[in-house]
Amino acid sequence: MNRTKSLWRKLTYLAILLAMLIPLFLLGQPSGGKGDPGGQLSVMRHEYNIAESDLGEISPASETMKLASLGMRGVAATLLWNKAHTYKVMHEWDRLKATLNNIALLQPHFDKVWEHQAHNLAYNVSTEFDDYRQRYEMVREGTEFLTRGVRQNTNAPRLVWYTGWFYGQKLGMADEKVQFRRLFSDDEMLHDALLAEEIAVDSPEARGPLGKPDNWLVGRLWLNHGYEIVDSGVKIRRQTPLNFYETGPKWRIKHAESIESEGILDERAQNAWQMADDDWLAFGTRSIPTTSPFTIKLDQLEDLEAQRDEKIEEFRQLNEKAFAAARQARIDTLPAEIAEYWQKPESEMTPEQRQLMPSILKGLIPDLTALAKTSDESVRLESVNIAGQVRDLNARIQKTIGYRTQINYSYWKTLAQAEQEERTVTARRLIYEAERANNNAELDKAIELYEQAFVVWAEIFDDYPLLTIDDTAEDLFNSVRRYMVAIDSQEIPEDFPLATFVSLMGEFGQVDARMYETIRQESKIAAEKRRMELEEEEKKRQDEADKIDAAAEDSAAEDSAAEDSAAEDSAPEKSEPESAEQPSTPGQDASVGLEQSGSDGDANSGDAGSAGDQAAADDVTKPAEIAEEE
């Protein structure tokens with residue numbers, strides 16, 4: 001009896017297991033292709049784009065390792081991570097690479113695997129070698145590891161961004177950046193691998209001034225690829241959109257800075273800065289998602305402020321009395337020290353007072369929402385709508401200011417605008433040549449070049465005060481110090497062009513923090529003024545070119561008219577032999593007689609011949625004038 005019950009229980013369990021296999025088969029059935037969507041799980045994978053074919057390149061080895069782990073993939077991955085650390089400490093590089101490959105096979109769609117281990121190879125392992133060539137090989141191993149990760153995760157914009165960041169930051173900012181950049185530009189094997197990944201290293205967008213691929217520009221191409229993925233609808237994960245989008249334009253700027261530091265200080269550097277300025281302005285007009293339910297454009301702050309001012313003025317016109325009363329009430333409550341200067345002309349204010357004025361004027365604007373609620377019924381609805389629009393504009397303005405401050409947007413914009421000018425490139429070239437002459441102990445030449453450069457830099461700082469807080473300012477300050485050593489003086493001359501700059505830098509070569517805000521505000525006005533001056537100069541050059549073209553056209557027309565007149569004058573002379581046989585007028589008889597008498601005269605008497613020819617010409621023209629009068 002007990003045996004029978006035991007058998008029935010076993011049969012029941014077996015039947016339940018078999019019954020459970022049916023829904024598992026229906027749920028997990030793979031897609032058969034050609035219209036067969038497969039089971040429910042397969043349908044959902046394709047619907048949410050998480051199938052292996054949607055995530056990236058399918059790796060049979062990876063799938064085999066997942067199955068071989070028998071559901072213990074997490075445990076296996078943890079053990080492999082621990083082994084990788086052990087091999088790194090023991091300097092067993094071959095085993096380390098093999099372990100990293102196994103980790104990638106177990107976790108191919110975990111972005112941090114690729115990022116962490118690529119960083120480990122390029123930043124930690126590479127420092128264990130003394131020769132910079134061996135260090136470059138480890139950095140290259142890191143870039144190739146990232147490329148494999150991108151290949152298996154085609155919809156991972158963060159990983160693509162990190163690859164682009166890696167090419168720029170590690171190869172372009174390391175201690176061995178000069179050697180790394182040279183090795184990268186000559187690494188044809190790596191260039192071929194990048195071409196296979198559809199990174200156009202052979203295009204002008206990737207080539208530097210020497211015609212070879214530049215690491216900053218190649219990194220920018222990777223970043224642009226990431227931007228294309230996001231623009232196609234893929235969301236950005238584990239990164240802010242602001243930081244994601246700013247890196248590509250900034251790599252253009254870093255490229256221009258790098259080639260200048262390498263001694264390329266001519267129109268090629270100027271063109272590089274012009275392209276950097278174009279990229280930064282394009283970034284400023286891109287819609288950036290924010291934490292609020294709206295997007296912003298970093299370069300439209302002035303437009304937003306203008307729209308807000310227009311709406312406030314429109315509200316004021318609808319509620320003139322209430323608006324004026326509320327504003328006067330705020331004026332009456334101003335502190336005494338502010339009330340003394342807030343209505344003064346700007347020229348009479350101190351820099352600190354000018355800096356406070358925008359916030360003071362903003363504080364005098366009444367609460368529009370409260371005024372709208374108490375406004376006249378005939379304009380109340382419109383006033384409420386305008387107050388809401390002003391509130392929305394204020395939110396956008398505050399968010400735009402916050403995002404611009406995070407990345408110092410105004411500074412990079414001003415830098416790109418200033419550096420593309422010819423005089424800035426000239427100033428950098430003079431400093432570069434002065435430093436080289438100083439290193440070669442050619443003091444007279446160095447002093448002359450230093451002084452020429454300081455005059456140009458003084459003009460640049462006057463037009464772009466914000467550059468005084470640039471890293472270049474510290475380098476220039478060090479050049480000033482070397483100049484003082486060269487002239488054997490501890491005090492700068494009284495007429496020194498950069499006297500204000502030197503005093504601003506202070507004893508330790510740093511800008512006074514209290515002057516920073518003032519410089520930033522003044523740089524905005526100065527930069528805009530300089531832009532207008534450049535436009536005016538361009539217009540004048542165009543006008544002068546137009547005048548030269550017009551004068552050339554007039555001269556050509558006069559020459560053509562003179563040629564036509566000469567042709568008309570020569571026409572009667574050619575017809576005179578034929579007219580001799582025809583009846584002639586008295587004027588024609590006189591002309592023929594004079595010509596004969598001139599030809600019979602002494603041929604050696606040039607003056608007499610010329611006088612005779614002139615008299616003949618006068619006699620020829622007189623009958624014609626008489627005929628016209630008749």
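Along the sequence shown, residues carry numbers from 1.
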When you compare the side chains of [X] and [Y], does any donor N or O come within less than 3.5 Å of an acceptor on the partner?
{"X": "Tyr450", "Y": "Glu435", "answer": "yes"}
{"X": "His91", "Y": "Glu128", "answer": "yes"}
{"X": "Thr291", "Y": "Lys399", "answer": "yes"}
{"X": "Tyr464", "Y": "Glu459", "answer": "no"}
{"X": "Arg404", "Y": "Ser410", "answer": "yes"}

Would you check if [X] and [Y] make a side-chain contact, meaning some heavy-atom pair closer than 4.5 Å?
{"X": "Phe129", "Y": "Trp93", "value": "yes"}
{"X": "Val425", "Y": "Glu260", "value": "yes"}
{"X": "Trp161", "Y": "Asn243", "value": "yes"}
{"X": "Trp273", "Y": "Glu257", "value": "yes"}
{"X": "Arg140", "Y": "Leu190", "value": "yes"}
{"X": "Thr426", "Y": "Glu421", "value": "no"}
{"X": "Leu100", "Y": "Leu121", "value": "yes"}
{"X": "Leu217", "Y": "Glu205", "value": "no"}

Check [Y] with [X], please: is the shortest side-chain N to carboxylate O separation under 4.0 Å?
{"X": "Arg181", "Y": "Glu262", "answer": "yes"}
{"X": "Asp187", "Y": "Arg182", "answer": "no"}
{"X": "Glu419", "Y": "Arg428", "answer": "yes"}

Aromatic ring proximity, centroids under 6.0 angstrom, [Y] and [X]:
{"X": "Tyr245", "Y": "Tyr227", "result": "yes"}
{"X": "Phe454", "Y": "Phe496", "result": "yes"}
{"X": "Phe184", "Y": "Trp216", "result": "no"}

Measure from NZ or CZ of Lys170 to the centre of the six-membered ring of Tyr123 and say whether it is under 6.0 Å with the direction within 45° of the ring axis.
-> yes

Report all side-chain donor-acceptor pairs from residues 274-282 shorter than 3.5 Å, counting only partners two or more places apart or in another chain.
| from | atom 1 | to | atom 2 | distance (Å) |
| --- | --- | --- | --- | --- |
| Asp277 | OD2 | Gln420 | NE2 | 3.0 |
| Asp279 | OD2 | Arg220 | NE | 2.8 |
| Asp279 | OD2 | Arg220 | NH2 | 3.2 |
| Asp279 | OD2 | Arg252 | NE | 3.4 |
| Trp280 | NE1 | Tyr409 | O | 3.4 |

Steps toward salt bridge (charged side-chain N to carboxylate O under 4.0 Å, His left out) verdict (Arg135, Asp175) = CA-CA 11 Å; Arg135 293 184 181 184; Asp175 293 338; over 6 Å; no

Return a table of donor-acceptor pairs under 3.5 angstrom between the side chains of residues 77-90 and protein atoms on other chains or two or more places apart.
| from | atom 1 | to | atom 2 | distance (Å) |
| --- | --- | --- | --- | --- |
| Thr78 | OG1 | Gly74 | O | 2.9 |
| Trp81 | NE1 | Gln107 | OE1 | 3.3 |
| Thr86 | OG1 | Asn82 | O | 3.0 |

